Participant: 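Quick one: structure below, then a few questions.
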Protein chains: 2
Amino acid sequence: MCYYCLEMTLSEEDYIKTIYHLSDFNSKSVATNAIAEQMKTKPSSVTDMVKKLSEKSLVNYKKYQGVLLSEKGRLVALSIIRKHRLWEVFLVDKLNFAWDEVHVVAEQLEHIKSDALIDKLDAHLGYPKVDPHGDPIPNKDGVFTKSVKKLISELPVGSQGVCVGVNDSSAAFLKFLDKNKIALGDTFKILEIEEFDGSMTISTRSGSIRISKQIATNLFLEIVDEE
Amino acid sequence: MCYYCLEMTLSEEDYIKTIYHLSDFNSKSVATNAIAEQMKTKPSSVTDMVKKLSEKSLVNYKKYQGVLLSEKGRLVALSIIRKHRLWEVFLVDKLNFAWDEVHVVAEQLEHIKSDALIDKLDAHLGYPKVDPHGDPIPNKDGVFTKSVKKLISELPVGSQGVCVGVNDSSAAFLKFLDKNKIALGDTFKILEIEEFDGSMTISTRSGSIRISKQIATNLFLEIVDEE
DNA sequence: AATTAATTTTAGACAAAACTAAAAAATTGT
DNA sequence: ACAATTTTTTAGTTTTGTCTAAAATTAATT
Ligand SMILES: [Mn+2]
Ligand SMILES: [Mn+2]
Ligand SMILES: [Mn+2]
Ligand SMILES: [Mn+2]
């Protein structure tokens, strides 16, 4: 399918994406003010744009009732999200950007219009399933495996996942992780939880290590639901 | 230097690039009509835009006198051309696009604003000197080695260069090249020219071959002037 | 030199995407 | 229930980049 045949502007695309994200998997209708805040614009501008998107039947909109993406709009949103996340993988895996530097650039790259480009990029990256932040990458048809991102401290013994983020991004904590050879992208499995102090034993590439409760509450693990 | 701090729009950037290309290395002033034709827009629109670019002192403009890039404008043009050509190399070398498919996509990618991105892309590609069409890639400061693109038939014995294009792009000719293992990107050296029929002996990776005058008039060689 | 032709600029209009200020509707608190 | 507050929409501007039609300037021909 070729969504950009709709001739969408960059601004329209960003609105569609924002509405998708605010709708919680397109389940609840989104308020004008929420969109305005997210897009750093004014509610009146949002109303104007929402009317236009409604004209193009990308959203369902009734005055004062909030807005929800149509099926067409949902697919457009997912195709932009797909591009955004594939570019983020490219920036980290191929150009050696840090995982926290890529968002701004991907925000631009996601608007490049070329099906061939994104297909070939996908192949070049080895068809990744998640982006550097652990968020799932939809396929061409907008299908993706929902993923759960949780703090290690919230998981039971036996859980397994990829380390995709930190809660505490202080230099001290990041230095600590480095020292203990814990890096974004590593796969962890929870082996044991000590009731006494909440510390945990987890297995990593380089063997099993013990982490304090404080560390466990500051590391996010990405559990991909295989289905 | 950080040219996008000028906050240039996509449209302004395309105008600057077009003016540079039409000015023949910024040596002669460019006519309004020429810009309009190239940009597929109307002369009146060009006049409007040229006034704005003049306000930003990117071009030197006097009514009815045509337009020329200022030094600032020339550097902006070269930074866009640098990005365009680096992306073209990426598309061909890394994503396996054909050399004649990349221009349209690069026309979009050249407007992505991020110094870090283009630096890292440059490194990832191994600091290429020319793009897939044999055109030179300016460095960060807008410096590039001028290159000459000539038909093989116009060159003397001893000339050496990289095959960067075809004059005749018919399927028949391209198939012929394939059969004789002549590909874009190959380095050729002219060993001998037969006065009788104008045929030539050239050395390639896979030994030396003989090509007819007709072939020699349909293949472009890129001779980079090392300086 | 004068007329004709081509090029370039001006004037006025329009669509996209933003804004401010004010009106209208929905929500909340008493 | 109704006044106060919040949310949303409308009305009227602005900027950017385009357009058409008409006027001004320059170039080309006789
Ligand atoms: Mn964006
Ligand atoms: Mn991401
Ligand atoms: Mn362009
Ligand atoms: Mn090129």
Side-chain angles (χ1 to χ4, degrees), chain A residues 3-19 22-23 28-69 73 76-77 80 107-108 110-111 113, chain B residues 3-19 22-23 28-69 73 76-77 80 107-108 110-111 113:
Chain A
Y3 300 116
Y4 58 83
C5 294
L6 298 168
E7 300 248 14
M8 294 188 63
T9 66
L10 187 148
S11 195
E12 287 173 333
E13 289 188 350
D14 279 339
Y15 270 97
I16 290 288
K17 207 181 58 162
T18 296
I19 293 166
L22 290 174
S23 72
K28 60 185 183 214
S29 100
V30 181
T32 304
N33 269 1
I35 300 171
E37 193 180 0
Q38 185 71 28
M39 302 275 300
K40 284 170 186 165
T41 181
K42 305 290 161 180
S44 54
S45 307
V46 173
T47 302
D48 285 348
M49 179 56 91
V50 155
K51 279 179 185 169
K52 208 202 312 177
L53 296 175
S54 184
E55 279 300 307
K56 295 191 176 186
S57 59
L58 290 160
V59 301
N60 296 117
Y61 167 68
K62 262 176 286 173
K63 274 190 192 181
Y64 296 101
Q65 304 271 113
V67 69
L68 238 183
L69 294 183
V76 169
I80 301 163
E107 202 56 49
Q108 296 179 61
E110 70 189 358
H111 302 288
K113 281 156 188 70
Chain B
Y3 299 117
Y4 59 83
C5 296
L6 298 168
E7 299 250 14
M8 294 189 63
T9 65
L10 188 148
S11 193
E12 287 174 334
E13 289 189 349
D14 278 339
Y15 270 98
I16 289 288
K17 209 181 57 162
T18 296
I19 292 167
L22 290 172
S23 72
K28 59 184 185 215
S29 101
V30 181
T32 304
N33 268 1
I35 300 171
E37 193 180 1
Q38 185 71 28
M39 301 275 299
K40 284 170 186 167
T41 182
K42 303 291 160 178
S44 55
S45 307
V46 173
T47 302
D48 286 346
M49 179 56 90
V50 156
K51 279 179 185 168
K52 206 200 314 174
L53 296 175
S54 185
E55 279 301 306
K56 296 191 176 185
S57 58
L58 290 161
V59 301
N60 296 116
Y61 166 69
K62 262 175 287 174
K63 275 190 191 179
Y64 296 102
Q65 304 270 115
V67 68
L68 238 182
L69 294 182
V76 169
I80 301 162
E107 201 56 48
Q108 295 178 63
E110 70 189 357
H111 302 287
K113 281 155 187 71

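These numbers come from a predicted model, not from an experiment. Proteins get letters first, then strands, A, B, ... in listed order; numbering begins at 1 in each.
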Participant: Could you tell me the separation between the CD atom of A:Glu37 and the C1' atom of D:dT8, rounded to a whole number of Å?
Facilitator: 15 Å
Participant: Picking from D:dT18, C:dT10, D:dT10, which would you name as closest to the side chain of A:Thr47?
Facilitator: D:dT10
Participant: So, OP1 or OP2 of C:dA18: does either fall under 4.0 Å of a side-chain N or O from A:Lys40?
Facilitator: no
Participant: What's the spacing between B:Leu58 CG and B:Ile19 CD1 if we round to 0.5 Å?
Facilitator: 9.0 Å
Participant: Give, for atom OG1 of A:Thr32 and atom CD of A:Gln65, the distance between the pair rounded to the nearest 0.5 Å.
Facilitator: 11.0 Å
Participant: Could you check whether A:Ser11 gets within reach of a base, just the sugar-phosphate, or nothing at all, counting any heavy atom under 4.0 Å?
Facilitator: sugar-phosphate
Participant: What is the separation between atom OH on B:Tyr61 and atom P on C:dT10, rounded to the nearest whole Å?
Facilitator: 6 Å
Participant: Please classify the nucleic acid contact of A:Ser45 as base, sugar-phosphate, or nothing, using heavy-atom distances under 4.0 Å.
Facilitator: base
Participant: To the side chain of B:Ser44, which of D:dT8, C:dC19, C:dT9 is closest?
Facilitator: C:dT9
Participant: Among the candidates D:dT18, D:dT9, D:dA24, find the nucleotide nearest to the side-chain atoms of B:Tyr64.
Facilitator: D:dA24
Participant: Whole-Å distance between D:dT25 P and B:Gln65 CD?
Facilitator: 13 Å
Participant: Can you tell me how far C1' of D:dT18 sits from OH of B:Tyr15, to the nearest Å?
Facilitator: 8 Å
Participant: Kindly say whether B:His111 contributes a backbone atom to a donor-acceptor pair with the side chain of B:Lys113 at under 3.5 angstrom?
Facilitator: yes
Participant: When the distance from NZ of A:Lys42 to P of C:dT20 is rounded to whole Å, what number comes out?
Facilitator: 5 Å
Participant: If you measure from NZ on B:Lys56 to CE on B:Met8, what distance do you get to the nearest 0.5 Å?
Facilitator: 6.0 Å
Participant: May I have the distance from A:Lys62 (atom NZ) to D:dT8 (atom C1'), rounded to whole angstrom?
Facilitator: 16 Å
Participant: Nearest 0.5 Å, what's the CG-CD distance between A:Asp14 and A:Glu107?
Facilitator: 5.0 Å
Participant: Closest to the A:Lys51 side chain: D:dT10, C:dA25, D:dT26?
Facilitator: D:dT10
Participant: Whole angstroms only, please: what is the CG-C1' distance between B:Asn33 and C:dA5?
Facilitator: 13 Å
Participant: How many whole angstroms separate atom CE of A:Met39 from atom P of C:dA16?
Facilitator: 17 Å
